[in-house]
Every structure is written in structure tokens, then in C-alpha cells.
There are 4 protein chains.
Amino acid sequence: MAYYREEQPGDDSRSKRQQILEAAYTIFSQKGYHRATVDEIIALADTGKGTVYNYFNNKEQLFYTLIRERSQPFETALQQASDADMPTLEKLEAMVRLFLKFYKDNASLWRVMMHEIRGFGSEGLSYVKTETRERYREGFNRTIGLLAKVLQEGIDQRLLKEVNVTHASYAFFSVIVALTFQQFIKDVDASAREVTDIFINGLALK
Amino acid sequence: MAYYREEQPGDDSRSKRQQILEAAYTIFSQKGYHRATVDEIIALADTGKGTVYNYFNNKEQLFYTLIRERSQPFETALQQASDADMPTLEKLEAMVRLFLKFYKDNASLWRVMMHEIRGFGSEGLSYVKTETRERYREGFNRTIGLLAKVLQEGIDQRLLKEVNVTHASYAFFSVIVALTFQQFIKDVDASAREVTDIFINGLALK
Amino acid sequence: MAYYREEQPGDDSRSKRQQILEAAYTIFSQKGYHRATVDEIIALADTGKGTVYNYFNNKEQLFYTLIRERSQPFETALQQASDADMPTLEKLEAMVRLFLKFYKDNASLWRVMMHEIRGFGSEGLSYVKTETRERYREGFNRTIGLLAKVLQEGIDQRLLKEVNVTHASYAFFSVIVALTFQQFIKDVDASAREVTDIFINGLALK
Amino acid sequence: MAYYREEQPGDDSRSKRQQILEAAYTIFSQKGYHRATVDEIIALADTGKGTVYNYFNNKEQLFYTLIRERSQPFETALQQASDADMPTLEKLEAMVRLFLKFYKDNASLWRVMMHEIRGFGSEGLSYVKTETRERYREGFNRTIGLLAKVLQEGIDQRLLKEVNVTHASYAFFSVIVALTFQQFIKDVDASAREVTDIFINGLALK
DNA sequence: GATGAATGAGAATTCATTCAT
DNA sequence: CATGAATGAATTCTCATTCAT
């Protein structure tokens, strides 16, 4: 019935918030948390300074909101993949694929986040309480935990050696992150296969 | 036996510099680069603020000097290990051991360093020029390059598969770093064996 | 022996702090607490912004330090007067004289102080805790309490009616403050006599 | 009996204005002028921010309108009392009663008002010009002037000593204000009698 | 060389006010 | 009229760096 959909009206009000989040994404990714200034963000978002503080309590909360909104779809997808009814090793590869894809897209910001997750709000100088920070840390650990769970499945099925799954999952995870941070990933599917293969079969020639 | 000992004057001046570097190590490790203040450092070093600026041009140079002086012995040792006349896989494990030991001791500061190495001096606001920063990045890449070199040896000797050695060396490296950052390493020797084994032989049960 | 005394050296280091306090006195008196800006204060004190924060934690503490340092000599003098061995009514007049003198000189700032003493630090947004504020309120009440004590003496000696001394002392005090705030006081001695006379003997013609 | 009642439209528009004034009364009384925010006022008034600016030019004018509307009935009543045909001393007591009643009810806001009346519009930063402010100061002085007028009557009738009536009226006024601000007033009638008695007859035992 | 008082550029945050709907 | 999202001027406070002693 409607020949076209008005993009602006609905968008516009959300748009400001969205514009700010997008600008924040860019600036935080480029500069890190501390070197990024609210002035830079509003310049890029083409908005006023007050507007930022209408939508977010402070710089820190802006940062965390950004992280949360970006990670949620990924976390959901990963959860689903880990629950899928599928041969364990294929499932592992699928999860590696999701990780690679997500970190390929968000490498810069996540690098910043992983660094900041430690230091925030040490003192009471911050609106974001230790609990909030803790929540993010947990979210973080949860995704790695999904890897551990699947690795444990592999062990239970006598597919994998009896290694410390926590260590192994962190190892897996760190390799994924390192390759994306180094921008070594071009083809996600191929890389997922490569990474999984090395971890499962090792570097040694049989 | 020694007729004289270098007295305070010489000692003292080196001592001041050393005290500052040691305090800086502690503070930077605890707080990260931005949250660390020169005031905290001098409080811990028990020295005056001007003294810091007698020995170092600015906060950034203090930070980099710290990194350089701490990493040099490690880089030398790693270089020697990589040149050693030894079976390749044993050499690899020896190098992993060196890495683990170094990062276990310096995890906090290196975590900070790896984060800061990106953004410094982007603008002309800094005494530390892009070249300087680049030098550090190179130093960093050089150590990983030593791993790559040994992996290549392994491939040439038909011990290892023909994988991309750059990727593989970064993977190796990232796992080492992740395990130390997570404080998973208790016994360096055992961990070195474990890590090397997984990478060489994989997780799969034969 | 010394023909002249160096004014600067000793003064200079205290001078900055003193300059700031004096400028703060002027600006706070003129504008009140909120309308006064640190920028105005440093402009008048001819100093840098950071210097203010070297000597005082924040604007609030600057304000309270000002109040404390100004009121202390007065409080001491008033205490002594109230303890003096002297006929009660003369003592009362002497105290009124001290009050008038003090408020004549400090009317503006005290007006501000009396207003602000209520609202500060309601939330945890302030370095100055409720206790600190409470301390000032107490100091304030203490001086009025000295009046009450002497009025009670007068009652005990059957010189004065049995009125509520708390009410009466506040009444006394408020008249003193009102007259100074209205700048009605020219000759402190004469006014002290006038005020005391009215309170003791009333307005009625015998 | 009433054929029609002014319906919502008329009501509503006055109601909005009234709601705002009532909320403003509460917030200004609690927080003082500067710490009160328009946001708090509209939250309490349950209205939009723009609405405030439909009825009032700015925060300052809102404040002054509040003062004016609250004080008008009082000023009228006081005027009438001062014109009443009644023995002077009884008239004085009646006026004291009116003052006490008014300040008992409005202590908090008037406390704020008396503080703010000084600094407003010092610079050209404000819509409220010096004249406007001056008008309020005059209104203030006028009420005190009514006291002075009656005191002068008493003097003319040889009931009171020949004191400076301006000083005396301010003294009277300040005592009333002090007692209400200290919340010492429970029974207005009794307090009016007490205050008048002390001023007329003094504290001394005959 | 050592020191620390003085400095001011820079950053986050607040809040009265406007204006398009 | 009523609304509230958008705005930016104004303000406080921090902290690296300088420089006279």
C-alpha cells in the first residue's frame, strides 16, 4: 500500500542516538578510551555536546553501551551455535567462524575494551560501578566459556585429549583475536578451517 | 679486594633514575598509561617532580624507556636461543619457555604497552615521533619474527606442515600472552611443554 | 640592625595562597558562592588556575577555608569576652561590640556563608562531607551560645526577665546582623550601646 | 446552582501555570535558587519544559513571579493593618502577628529570596534588569517601612523613645525573620506577644 | 643535579533556553 | 498551547610540563 517508507521520521529521533553511537565507535576504535574526547565524537556525529549527555550519563556509559549493543547479537549467535545439534568438531569450526567474523569487524573497539575492562571505576569516581564492569567481564568470560563447553564435549566423546579446557579455550580465543588484530584474516571461512585444523591436528606432519 | 667502591654520587644519580623507573614500572602496571600520574610515580620513587624531567623528556619517553630497558635482556636471550645449535623442536620449546618466563614477570606492563603502542603520537602533540613508536613496534615484531624463523626451519626440515609461518608465529605468541595475562602459568617449564605439544601435535587423540 | 626587612621571600610562598584567599574573599562576597567563578578569582589573584587547586581541593573547600580563617580570631575574642570578669551587662555590651565589629567587616561573606551552610553536599557529590558542614554550623551556633550564656547569667543575677535565652540570643544576634547587612553601622561603639540599650530597656518611655 | 463550571480548557491553562508555580515553590525552597533546576521543577509540576517558557521568560522571572504572587496578599494585609484605627501598640502587635504568620509559612523561600535579591542581573547576562530587581527590593523595603511608620506613630504619641525608626524597624523585622528561620515559632499569637513585649519593655526586670 | 610551586591547555559535565512539531 | 529533543556556553577540575632556586 505504502509506495515508500518514510525513513527520516522514525529514524530521526533514534538517529541522534545512533549517530552518536556510530561516531563513538569510530573515535573509540581509533583513539582508545582515554584519548577519545567527547568533542571529537560530537564533531563526527554532527551533534551538540548536550545531546550526548541526554542519551548517556557520561563518557564511560557511552562506551559500555556501545560495547553492549555491538556484542549482543554476536553473543546470541554464539550461544545458538554452541547449542546446535551437530558433530562437535564441525560445531567448533562454526563457532570459530563466528568469532573470526565478529572480531574481524570489531577488532579495534574490542582491543580497547579488553584493555579498559580492567581499570574502570577503581575508585568511587565513576557512575559505572564495579558491578557494571564485572557484568561486562562476565559477558566476556561467558563467550569463552562456550568454547570450553564444546571442547569438553569433544573430550567426553574421546575426540580430543584430556587437556585443561579453560586453558585451551583461552588459547583458542587468543589466537582468533591475534589474527584479527593483525588483520591477517581475509577469508573468514578459510581462516576458520585453518585455525581449527591447527588446533585439532597440530603443526606436525604425520 | 676492591680498593674503592663507586660512592653515592655516581650511585645516587643512577639510583634516582633507577628509582623512578622502578616506580614507573609499578604504577604503569597497576594503572595503565593514562591513569598513571607523574605525581604517583614520584611519590613512590620518593623524588621530586623536576627530577623525572631531568632524566626523561616526558611521560611518554619514560614509558618507552621502561619498556626498552626491560625488554632488552629478553630480546638478547631470545636471539641467542633462536641461533642455538639444537634440534628445532627443542629449540622451539626453549623459546616458548623464555617467552613464558618474560611475560609471566611482565604481564601487566606489557599488557599496557601492547595497548598503547597503537595510538601514540598520532598527532604532532607528542615528543615521541612516529619513527620512535615504529621502532618499538619493530622490536616487537622482531621477537615474533624469531619464532617464525624457527618454525620455518621446522618446515624446511619436513618436521612441520607448510603453514603460513607469520600467522603461526602470531598464534603461538598470542597463546603465550593469553595464558600469562590470565595468570594460568604456574610452572613455566611444564607450561612450555604443554603449549608446544598442543601446537605441534594438536588436541586430537591419535 | 637590619635597616629593612625583606618582605617578599617569606611572603612569597604564603603570598600565593594568601592572594587567592583574598581574591576569593572579594569575589565570594560580591557574587555569592554560585555566581563566583574560579576564573574570576584567579584573575583577581593574578595566578594560575592550577595554583588554586594546589592549595585547595576544590571551590567548596576554598570557601570553607576562607570562612574558617576569618572567623577564628573573632571566635577566640568572643570566647574571652564571655569569660571576662566583668559586670554582666557591660560584658554583654562588649560582646555586642565584637559582633558588630566582626560583621561590619565581613557582612557580605557571612551573608553568603549563612545561606550556603544549609545546602552544601546534600548528595555525595562533594568532597566536603556533611560532617564538615556540620562543624561550621556548630561553630556558628557556638558563638550564639556564648550570648545565651551571658544572658542566662543576667537572669541568674535577677538582672533580666526569665525569657527563653535561646530565642533571645538569636534575636540579639539577628539584630546585629541585620544592622550590619543594611550598613546602618557607622560608629561601632555607639551602635553597641544603642542595641544593648534597646534590648535591655525596651523602646517604651518609662 | 452554578449553571456552568469553567471547564478544563480555561482551568487547564491556569492550572499549568499554577502547577509550575507550586512546584517551583517547593524546589526553590528546598534547594535554593542555583541548585534548583528547571528539570526538577517540571518533573514535580508534571509538565513539559517548553511550557515553563511559555509562561515565564526564564528561570529568574519564574522565581520573581513566585515571590511577587506569594507576597502580595501579605503586603495588602499588612498595609491594612498599619492603616487600622487601633491603639498603636496593639497595632504593632497585630502587624508582628502578620509578619510571623507569613514568614512561618514561607521561611524557606524567603530565605532564598533575601539571599538572591542582591546579586541578580549584576551583569547584562540576565533578562531581569536592575530596575526589576530594584522593584523587588523596594517592595521589601516597603513592608519594613510600614513598621517604621507605626513606630513613628508611637514616638509621636510619646509612647516610645525617640529612636532611629529605620534602625528599629529593621531590628524588629530581623528578629521576626530569625525566629521563623530557626523554627522557634510554634504559636504565632504567643510569639507575637513575646516579641512585642521584649521590644517595647526590654529584657530588664523593672 | 634535585626540587616543587606555578601554570594553563584540555576535558568532562551541567543546565537554561530554543524551536520545530 | 504543550512538548521535549537538541543545543552550546559556562564551569569545575586534572595533570603534564616548566623553571627559578
Side-chain angles (χ1 to χ4, degrees), chain A residues 9 12-17 19-20 34-42 45-60 62 125-127, chain B residues 9 12-13 16-17 20 34-42 46-60 62 125-127, chain C residues 9 12-17 20 34-42 46-60 62 125 127, chain D residues 9 12-13 16-17 20 34-42 47-60 62 125-127:
Chain A
D12 240 27
S13 97
R14 200 173 64 212
S15 175
K16 277 291 168 191
R17 186 175 184 282
Q19 279 171 46
I20 292 167
H34 280 99
R35 286 178 193 275
T37 70
V38 176
D39 273 321
E40 285 171 306
I41 292 171
I42 62 170
D46 193 33
T47 187
K49 203 174 290 198
T51 310
V52 171
Y53 289 88
N54 285 339
Y55 289 108
F56 308 95
N57 287 331
N58 51 41
K59 187 183 169 187
E60 204 169 315
L62 168 59
L125 301 169
S126 163
Y127 286 131
Chain B
D12 236 30
S13 101
K16 278 290 169 196
R17 187 175 183 283
I20 292 168
H34 280 98
R35 287 178 191 274
T37 68
V38 176
D39 273 316
E40 287 171 304
I41 292 171
I42 62 169
D46 192 33
T47 186
K49 204 178 276 200
T51 310
V52 171
Y53 289 86
N54 285 337
Y55 289 109
F56 309 95
N57 287 329
N58 51 42
K59 188 183 172 188
E60 207 168 311
L62 166 60
L125 300 168
S126 165
Y127 287 132
Chain C
D12 241 27
S13 96
R14 198 170 69 210
S15 177
K16 276 293 167 191
R17 187 176 183 281
I20 292 167
H34 279 99
R35 286 178 193 276
T37 69
V38 176
D39 274 323
E40 287 171 303
I41 292 170
I42 62 170
D46 192 33
T47 187
K49 201 175 290 196
T51 310
V52 171
Y53 289 88
N54 284 340
Y55 288 108
F56 308 95
N57 287 331
N58 51 42
K59 188 184 169 185
E60 204 169 314
L62 168 59
L125 301 169
Y127 286 130
Chain D
D12 236 30
S13 103
K16 277 290 170 196
R17 186 175 183 284
I20 292 168
H34 281 99
R35 287 178 191 276
T37 69
V38 176
D39 274 316
E40 286 171 304
I41 292 170
I42 62 168
T47 187
K49 204 178 276 200
T51 310
V52 171
Y53 288 86
N54 286 338
Y55 288 109
F56 308 95
N57 287 330
N58 51 42
K59 187 184 172 188
E60 207 169 313
L62 167 59
L125 300 168
S126 165
Y127 287 131

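Every chain is numbered from 1 and lettered A, B, ... according to where its sequence line falls, protein lines coming before strand lines.
Contact between D/Lys59 and D/His34 at its shortest, heavy atoms only, is NZ-O, 3.7 Å.
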Q | For DNA chain E, the dot-bracket pattern of Watson-Crick and G-U pairs whose distances stay under 3.5 Å, | for other-strand partners | A | .||||||||||||||||||||
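In this structure, D/Glu40 atom CD and E/dC15 atom P are separated by 8 Å, rounded to whole Å. One can place CD of B/Glu60 at 12 Å from P of F/dA16, the figure rounded to the nearest angstrom. For the pair B/Tyr55 OH and E/dG1 P, the computed distance is 6 Å after rounding to whole Å. Rounded to an integer number of Å, the gap from CZ of A/Arg35 to C1' of F/dT14 is 16 Å. The nearest whole Å value for the distance from the CG atom in D/Asp39 to the P atom in F/dA5 is 11 Å. With rounding to whole Å, C/Arg17 atom CZ is found 16 Å from E/dA6 atom C1'. Across the protein-nucleic acid pair, A/Asn57 atom CG and E/dA12 atom P stand 15 Å apart, rounded to whole Å. Taking atom NE2 on A/His34 and atom P on F/dC15, their separation rounds to 9 Å, with Å as the unit.
In this view, B/Asp39 and B/Lys49 satisfy the side-chain hydrogen bond (donor to acceptor under 3.5 Å, both in side chains) rule, not counting sequence neighbours. Taking the side-chain contact (heavy atoms from CB on, under 4.5 Å) definition, one finds that A/Ala45 meets it with A/Gln19, A/Ile20, A/Ala23, A/Thr47, sequence neighbours left out.
Side-chain proximity of C/Lys49 to F/dA5, E/dG8, E/dG1: nearest is E/dG8. Proximity note for A/Thr51 (side chain, C-beta onward) versus F/dT14, F/dT7, E/dA6: the nearest is F/dT7. Comparing atom distances between the B/Asn54 side chain and each of E/dT7, F/dT18, E/dG1 picks out E/dG1 as nearest. Closest to the D/Lys16 side chain, of the nucleotides E/dT17, F/dT3, E/dT7, is F/dT3. Side-chain proximity of B/Lys59 to F/dT14, F/dA16, F/dA6: nearest is F/dA16.
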Q) Would B/Val38 and B/Tyr53 satisfy side-chain contact (heavy atoms from CB on, under 4.5 Å), going step by step from the backbone distance to the final call? A) CA-CA 10 Å; B/Val38 176; B/Tyr53 289 86; 3.9 Å; yes
Q: Report the C-alpha distance between A/Ile41 and A/Leu62 in whole Å, list the side-chain angles of each, state the deciding distance to 0.1 Å, and finish with yes or no for side-chain contact (heavy atoms from CB on, under 4.5 Å).
A: CA-CA 11 Å; A/Ile41 292 171; A/Leu62 168 59; 4.1 Å; yes
Q.
Go through it in stages, so that I can follow the logic: the residues are B/Val52 and B/Ile42, the test is side-chain contact (heavy atoms from CB on, under 4.5 Å), and I'd like the CA-CA distance, side-chain angles, deciding distance and then a yes or no.
A. CA-CA 8 Å; B/Val52 171; B/Ile42 62 169; 3.4 Å; yes
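Residue D/Thr37 is in sugar-phosphate contact alone, with no base atom involved, counting any heavy-atom pair closer than 4.0 Å across all strands shown.
Residue whose closest nucleotide on DNA chain F sits further toward the 5' end, between A/Gly50 and C/Gly50: A/Gly50. For A/Ala36 and B/Thr47, each mapped to the nucleotide of DNA chain E holding its nearest heavy atom, the one lying further toward the 5' end belongs to B/Thr47.
The side chain of B/Tyr53 places an N or O atom within less than 4.0 Å of a non-bridging phosphate oxygen (OP1 or OP2) of F/dT17.
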